[in-house]
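Remarks on the structure that follows.
Chain letters run A, B, ... following the sequence lines, proteins first and then strands; every chain starts at 1.
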Amino acid sequence: MNPRKNGILCLLLVLMCGVLVLSGCGGGGAATPPATPPAGGSDEPAAGEPINVGLNLELTGSSAEFGLSGQNGMKLAFDKVNAEGGVLDGRMFNYIPADNKSEAGEATSATTRLVGENVVAILGPMTTAAVLGSIQLVTDNNIVLITPSGTNARLTVNEDGTLNPWIFRACFIDPFQGEVAANFAMDVLGAETAAIAYDIVGDYSGGLAASFKQTFEAAGKTVVREEQFSAGDTDFRPIIENIKTAGPDVIFVPAYYTDDGRFVLQARDAEVTVPILGGDGWGSGDMVGIAGAENMNNTFYVDFVYMDDPSLQDFVSEYQAAYNRAPDGFSVLGYESAMMLVEAVKNAGGTDPEALRSALENLGEFTGISGTMTFDPETHNPAKTAVILESVDGVKEFKQIVEPK
Amino acid sequence: MRWTKYLIWLAAAGAFYALTLALSGAGFISRFMLMTMVQICIYIIMALGLNLITGFTGQLSIGHAGFMSIGAYAAGFLASTYGGRVSAALTEALGGAGGAAVYYIFILATLAAGAFVAAAFGVLLGLPTLRLRGDYLAIATIGFGEIVRIVLLNTKALGASSGLPVKNSVGWTTAYWLMLLSVVLIYNFVNSSHGRACISIRENEIAAETMGINTTKYKVMAFALGAGLAGLAGGIYANHMYLIHPNSFNFLKSFEILVMVVLGGLGSITGCILGAVVMTVMNNALSAFPEMRMIVISVLLVVMMIFRPNGLMGTTELRLPFRRKAAGGKEDVTHGL
C-alpha cells in the first residue's frame, strides 16, 4: 500500500471516529426532552416531566476522591427521592454528571455543557477554584449552583461585600473552622501557646491559620511561631526544629492530608509530643497510613460529620449497600446538597429559576442527615455544627461537637 | 495567481464563518459546541506555535503552557484591572455603541500585549537555553513551565491560588479570525527564507551551520514566534473562560499540545490543525464518560504510534486536488496548502 493511500485511509478513520462521537453526543442531547415548554403553553412544564440537575464534579484529576464521594452521595439522594415517587406529583430528578478534571477551566466547560442541557440547577464543584470558574456563567443563565464543600468565604460573598445571588453551599466556611480549632485548643487542651505551620499554596490553609491566630490571640494567648511550607514538600524537619525550639503547647497544621501526614510523622520522629491540630483537609484520604497509627495519637482535627454518629447510621448502611464502601464527609455533603435542592423545588412548587433561587435563599432551618443547619439569606452560608475527632491508635474517635454561634 | 489563491481561501473562510453564525443563530449550534469551537481555535493557535518550534525547527519544547499562561495573565490582568475603567470612560465619551466598539479594540490590544509579553519571554528563555540540544532543551523547557506556574501561584496581585477572574469579552468571531491570521502567518513564515533556514536546522544542524546559517538566531526567532502565538492563545483563553488559574497551565497542558502536534504530524500545518481538532473534540465529547475518556485517548495514541509514528499527516499537507497541477514547477516547502 502506498503511503499516500495509507494516509488518506487513516484520515478517514479518524474522521469517522469524530463523526461517531459527535453524533453520539447529539443523539443524547436530542433524547432528553426540552425543559422549556413550547411558546404559548403554560409557564410550568407538565407534571411528570423530569427535573434536570447537572453534577459538575471532580471525577478525575487531583481532587477526584472528593468528587467521586460527593457524586455517590448525590446519586443516593436523588435515587431515593425518585424511588419514593419524585416530587410535585411525580416529577423525577434526572442527574447529568460532567467531569471538571479538578481544574477551573474545565469546570467552566462542564458548566457550559450543563447549561446547554437545560439543567435547572448545578450541584458541585467540590473545590473552591472550580466553583469560581462557574460563578459568572450560572449567574448569567439564572441557574442555581450548590457547592457541597467549597469552604472559601469568597464564593458566596465577594470581597467587596456583595452577594453572589445564585451560589449556595452546604458546608461551613473556612474562618469558622479556624475558630473552632482555636477554641478547642484553649478550652479543652488548655493551651497557652501555639505554633502554626501552613501551606502557602492556596487560600484554604492560610485562611484557617489566620482565623485560628485571630481567635487565639484575642483570648490573650500567644502564637509563638509561624512557619510556612508549600504543598508537596517532603522535608519538614527544619520547620519542626524551629517549632520545637519555640516550645508551644499545641501545633496547628491546617493543610491537606498528604502534607500533614508527613508533617506528623516527622514531628513525632523529632520527639515533638505536643498535640497537633488540623482542619477538614485531614478528613479524606489515608492520613493514618502516611503518618502511622501510633504517631497519630494525640492529634485532633475539625470535620463536618462524625461517621459513627447514631443519626447517620441509616445513611451509612444505605451507602455501604449501594457502593460497597464506607462514606466520608464529602458523601454526606453531596447527599445534603441534593436534599437542599429537593426541598427547595418542593417549596418553590416548580423549577422557575427565580422561585427556586428564592426558595434556596429562604430555606432557613433545614434538617439534613448530619444535623440541623440554618441558612443565612444575607450570606447563603449555613450555620452548622462542626465536630472534633481524635485519632486513637489509628481510629477516629469522637471528641467534641461544636454548635454554631 | 497568488492573489487568486488567497481570495479563494478568504472566501471559503468567510463562507464557513457565515455558516457557523447562521447555524448558531438558528439554534443548531449549542453554547457548548460554540465553546468547543473557540477552544479548538485556541488549541490550533497553540499547536501552530509549537509546530513551528518542534515540527519545523526540530527543537523539543515541553513548556508551551508556560508561554500560554504568561499571555493569559498579561491579557487577563490588563482586561480585569483596567477593563472596567476603560469601558466606563469610553461609554461616557462615545456613548453605548461607539464605546463598546472602541472597548473591543482595547480587548484586542490586551491580546496583542499578551502575545508580545510571551514572545519576549520566548526570547529571554531562548537565548540561554537554545544552545542545548534535544532532551536537554526539553528538560529546560519543562523547568521553565513549572517556574512560571509556581510564580503565578504565589503572586498575590494576580490572584495567586484562587485564580484571576476575567470578564468574558471574546467569543467565536475573534477566536476564529485570529486563528486564521495565525495560520497565514505560520504558512508564510515557513515558506520564507527564514522558514527554510529553520527547516534546515531540523534536518541537520551542523550542515546548516556549515552553510552559513546562524542557527541560534533562527532558533530564537522560531521560539519567539511560537511563544508569541501561545501568548495570543492564552489571551483568548483568559478573555473567554471567565477565570484563569495557574494550575490550568500545568505540565499536562504542555503535553496535551505536544500530543496534538505529534498526532497531526510534526512539520505539517494542516496536520497540527487536524490534531488540535481531533483532540479537543474527543476531550469534550467524552466529558460525560470520564472513566472512558482517558482510556480512549490513550489507546488512540498507542495505536497511532504503532501504525503511523509520523502522525496523521507526516510532514505532508492536506491540499485540494485541483491545486496539485496548479503548483507547477516551483514547489512549496509545505507542498501547498
Does a side-chain heavy-atom distance below 4.5 Å link A/Lys101 with B/Asn283?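 Yes - at least one pair of side-chain heavy atoms lies under 4.5 Å apart.
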
Report yes if some heavy atom in the side chain of A/Thr108 is under 4.5 Å from a heavy atom in the side chain of B/Met35; otherwise report no.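 When only atoms from C-beta onward are counted, B/Met35 and A/Thr108 do touch, with a gap below 4.5 Å.
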
Considering all heavy atoms, the nearest [X]-[Y] contact:
{"X": "A/Thr112", "Y": "B/Phe32", "result": "CG2-CA, 3.8 Å"}
{"X": "B/Lys253", "Y": "A/Glu103", "result": "NZ-OE1, 4.3 Å"}
{"X": "A/Ala104", "Y": "B/Leu243", "result": "CB-CD2, 3.6 Å"}

Supply the atom-to-atom distance [X] [atom1] to [Y] [atom2], rounded to the nearest 0.5 angstrom.
{"X": "B/Leu153", "Y": "A/Ser230", "atom1": "CG", "atom2": "OG", "result": "9.0 Å"}
{"X": "B/Ile244", "Y": "A/Leu132", "atom1": "CD1", "atom2": "CG", "result": "12.5 Å"}
{"X": "B/Tyr242", "Y": "A/Thr111", "atom1": "OH", "atom2": "OG1", "result": "9.5 Å"}

Heavy atoms only, distances under 4.5 angstrom: which of A/Asn100, A/Ile135, A/Leu137 has the most pairs with chain B? Name it, please.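 Going by pairs under 4.5 Å, I would pick A/Leu137.
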
Of all of A/Gly116, A/Ser134, A/Ala110, A/Gly133, which one pairs up most often with chain B through heavy atoms under 4.5 Å apart?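 So the answer, after comparing A/Gly116, A/Ser134, A/Ala110, A/Gly133, is A/Gly133.
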
If you tally heavy-atom pairs under 4.5 Å against chain A, which of B/Arg31, B/Met241, B/Gln39 wins?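 Among B/Arg31, B/Met241, B/Gln39, the one with the most close pairs to chain A is B/Arg31.
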
Does atom CZ of B/Phe255 have more than 12 heavy-atom neighbours, drawn from other residues, nucleotides or ligands, at distances under 6.0 Å?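 It does not: B/Phe255 CZ has 12 such atoms or fewer within range.
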
Just wondering, are more than 12 heavy atoms of other shown residues or ligands nearer than 6.0 Å to CG in A/Asn324?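 Count not over threshold, so no.
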
